[in-house]
Amino acid sequence: MSLYEQYPISLYNNLTKEKVKFEPLTPGRVGMYVCGPTVYSDVHLGNVRTFMSFDVVFRYLAYLGYKVRYVRNITDVGHLVGDADEGEDKIAKKARLEALEPMEVVQKYTNGFHDVMRLFNILEPSIEPTATGHIVEQIEFIKQIIDNGYAYEANGNVYFDVKKYNEDHPYGELSGRNTEEMLSNTRELSGQDEKRNGLDFALWKKADAGHLMRWPSPWGIGFPGWHLECSVMSTKYLGEKFDIHGGGMDLKFPHHEAEIAQNKGCCGKGGANYWIHGNMLTVNGRKMAKSEGNGFTPEQLLTGDHKLLERGYSSMTVRFFMLMSHYASTLDFSNEALQAAEKGYKRLMASINLIDKLPEAGTGKIDEAKTAELKASIEKAFADLSDDFNTAKAIASLFEISTSINTFYQNPNQLAVIDKATFDYVIQHFKGIIFDILGLQNETSGGQNAELLDGVMKVVIEMRKQAKFAKNYGLSDQIRDDMKAIGIQIKDEKGGEMSYSID
RNA sequence: GGCGCUGUGGCCGAGUGGCUAGGCAGAGGUCUGCAAAACCUUGUACAGCGGUUCGAAUCCGCUCAGCGCCUCCA
């Protein structure tokens, strides 16, 4: 029996607004598409949260035994600039400002994005397609939508005909919008517009003379509209129907709504069965966003060099902080919360570090109740993760196991009564959940020079033991304090033994 | 204005009809030369007002406060 049969996943489907059992189209296989970044500026911590949320979904599906194809795109063209620059592409605008080639901008911020993903131990997707790499497919997609009667050309531009589409398919099913109402509300606004209706959105935009990104098409020189690349690339790599589509909450409308419309307008099918949205990271109750100026880069996070940061925090502290809440809830950033998360993270890692030092389990008379209790904790963690990927709840169970490990270390006789096979099973998955599913890394072990450090610490500890034995407390305390000052905590244990941990 | 969401103990944050969430901080204790860590014990919590129910933080209504989307946004 596979793990995914043992712990069947249920998830909240934003399309149907209810929590349902997850059933992939093809048993044992999952196709997942997540809207990636628009690479025209640095990603901030809020962006990171979304990708981390879906990273855990990806990791969890894989851990349970599903074969997953995870597609996360790079949008390197196509997003229109909102204000006065209607018709101009975000990438192109930035390029002109910085006097760079558009692809130079794309390359720079794509590299930056990848660096950030690595920093937070967010896995690479199976496919990371770019919009510029799929211009041909996008043109074909538009042609099909036009043939189906859901789009029209106007002066070198192609628009999606929302009103026409809405006659055959519900536009607004994902975001719960009343399209009839919206159509009547926007009618007057579109007076001199070449759009038939204010709700219509561009599939293809004509490039004016100064526009830097341009491709030939049946409608003239231009570039694809926003929304389109996701429909095209998800269809290409996952099919007209696939399992999961994810993205940030703020993409729900209009981006995802348009995506569904494009999919149905082209292929008659709406793409994903399950729509999942990650919620926003907030600062003082407000969304972290570029326009708010309340975001910061990973470098600033590590160094603490930002007005919002009292000091720096490690990437794993941040990862743990984010996983302590549910992906669908807003999460408020604060220094206090980060510091609490840091301690919690270290506590978890400290018990991980003790595992190898534990004596053999099950050497005494097995206590069935105690054994079952320990096993229940790991089973609870799995059940929680299968309940809409509730990492916050699962972590609570992990702390139970963490406490057990600490107890076993101090009182080996309590480990002696735990069945060995069960104990090994629990530990295997305890580590599995922490490292493979939650994607945490152990920053508290010695890293590259672990063996060397361990050797040095043996010498230091031996010196302190001798000082203590000679009741030279001045020296033994000095050794402890000096080590503490450079970030190593020496701990006295029962029976005169000592251990250390890295702060 | 339309659509939707949130309000949980000192802080963060799960839960969502009856069963301890958890972390951080605080208090007491065990251990210890002292400390730290660890372990044990401990907290008046569910915005307000009504209603449904044997029973509600959890369902319904109203009020208050705040947020998101509706324009680019993870």
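Here is the naming used below: chain letters follow the sequence lines, and residue numbers restart at 1 for every chain. No hydrogens, no waters, no symmetry mates; every other heavy atom, side chains included, goes into these values.
- Residues Gln300(A) and Leu309(A) come closest through the heavy atom pair O-CD1, 3.2 Å.
- Side chain of Trp226(A), nearest nucleotide from G13(B), U71(B), C70(B): U71(B).
- Counting only heavy atoms from C-beta on, Arg177(A) has its side chain closest to C70(B) among C39(B), G33(B), C70(B).
- Across all strands, Ser329(A) comes closer than 4.0 Å only to sugar-phosphate atoms, never to a base (heavy-atom distances).
- Nucleic acid contact for Gly46(A): base, since at least one base atom lies under 4.0 Å from a heavy atom of the residue.
- Among the nucleotides A74(B), C34(B), C39(B), the one closest to any side-chain atom of Arg480(A) is C34(B).
- Considering only the side chain of Arg286(A), C67(B) comes nearest among G33(B), C67(B), U71(B).
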Less than 3.5 Å apart, which donor and acceptor atoms pair up between the side chains of residues 336-350 of chain A and the rest of the protein, not counting sequence neighbours?
from	atom 1	to	atom 2	distance (Å)
Gln339(A)	NE2	Glu310(A)	OE1	3.4
Gln339(A)	NE2	Tyr313(A)	OH	3.1
Glu342(A)	OE1	Arg311(A)	NH2	2.7
Glu342(A)	OE2	Arg311(A)	NH1	3.4
Tyr345(A)	OH	Gln441(A)	O	2.5
Tyr345(A)	OH	Glu443(A)	N	3.0
Arg347(A)	NH2	Thr403(A)	OG1	3.4

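- Leu331(A) comes within 4.0 angstrom of the backbone, heavy atoms only, and of no base.
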Sub-3.5 Å pairs of nitrogen or oxygen atoms, protein against nucleotides 19-29 of chain B:
from	atom 1	to	atom 2	distance (Å)
A25(B)	OP1	Lys343(A)	NZ	2.6

- Query: Taking only Watson-Crick and G-U wobble pairs with both distances under 3.5 Å, what dot-bracket line describes RNA chain B, where [ ] shows pairs that cross earlier ones and | shows pairs with another strand?
  - Reply: (((((((..(((.....[...))).(((((.......)))))....(((((..]....))))))))))))....
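- No contact: Leu398(A) has no heavy atom under 4.0 Å from any strand.
- The side-chain hydrogen bond (donor to acceptor under 3.5 Å, both in side chains) check on Lys465(A) picks up Glu497(A), with sequence neighbours excluded.
- Remark: Arg177(A) is positioned above the aromatic ring of Phe253(A), its terminal NZ or CZ atom under 6.0 angstrom from the ring centre and at most 45 degrees off the axis.
- Remark: His114(A) pairs with no residue by the ring pair (Phe, Tyr, Trp, His ring centres under 6.0 Å) rule, at least two apart or across chains.
- Contacts of Asn279(A) with the nucleic acid, taken as non-hydrogen atoms under 4.0 Å apart, include base atoms.
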Give every pair of a protein N or O atom and an N or O atom of nucleotides 6-10 of chain B that lie under 3.5 Å apart, one pair per line with the distance.
none

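- Nearest to the side chain of Glu292(A), among A36(B), G68(B), C69(B), sits G68(B).
- Using a 4.0 Å heavy-atom cutoff across all strands shown, Lys484(A) reaches no nucleic acid atom at all.
- Here the nucleotide nearest the side chain of Lys287(A), chosen from G13(B), A74(B), C69(B), is C69(B).
- Side chain Asn284(A) to base C67(B): no donor-acceptor pair is found below 3.5 Å.
- In this structure, the nucleotide among A74(B), C70(B), C34(B) sitting nearest to the side chain of Phe51(A) is A74(B).
- Residue contacts for Tyr473(A): at a heavy-atom cut-off of 4.0 Å it reaches a base atom on one of the strands shown.
- For the residue pair Ser386(A) and Tyr60(A), a side-chain donor N or O sits within less than 3.5 Å of a side-chain acceptor on the partner.
- If you check every strand for non-hydrogen atoms under 4.0 Å, Asn406(A) touches sugar and phosphate atoms only.
- Asp477(A) comes within contact range of at least one nucleobase, with a heavy-atom separation under 4.0 Å.
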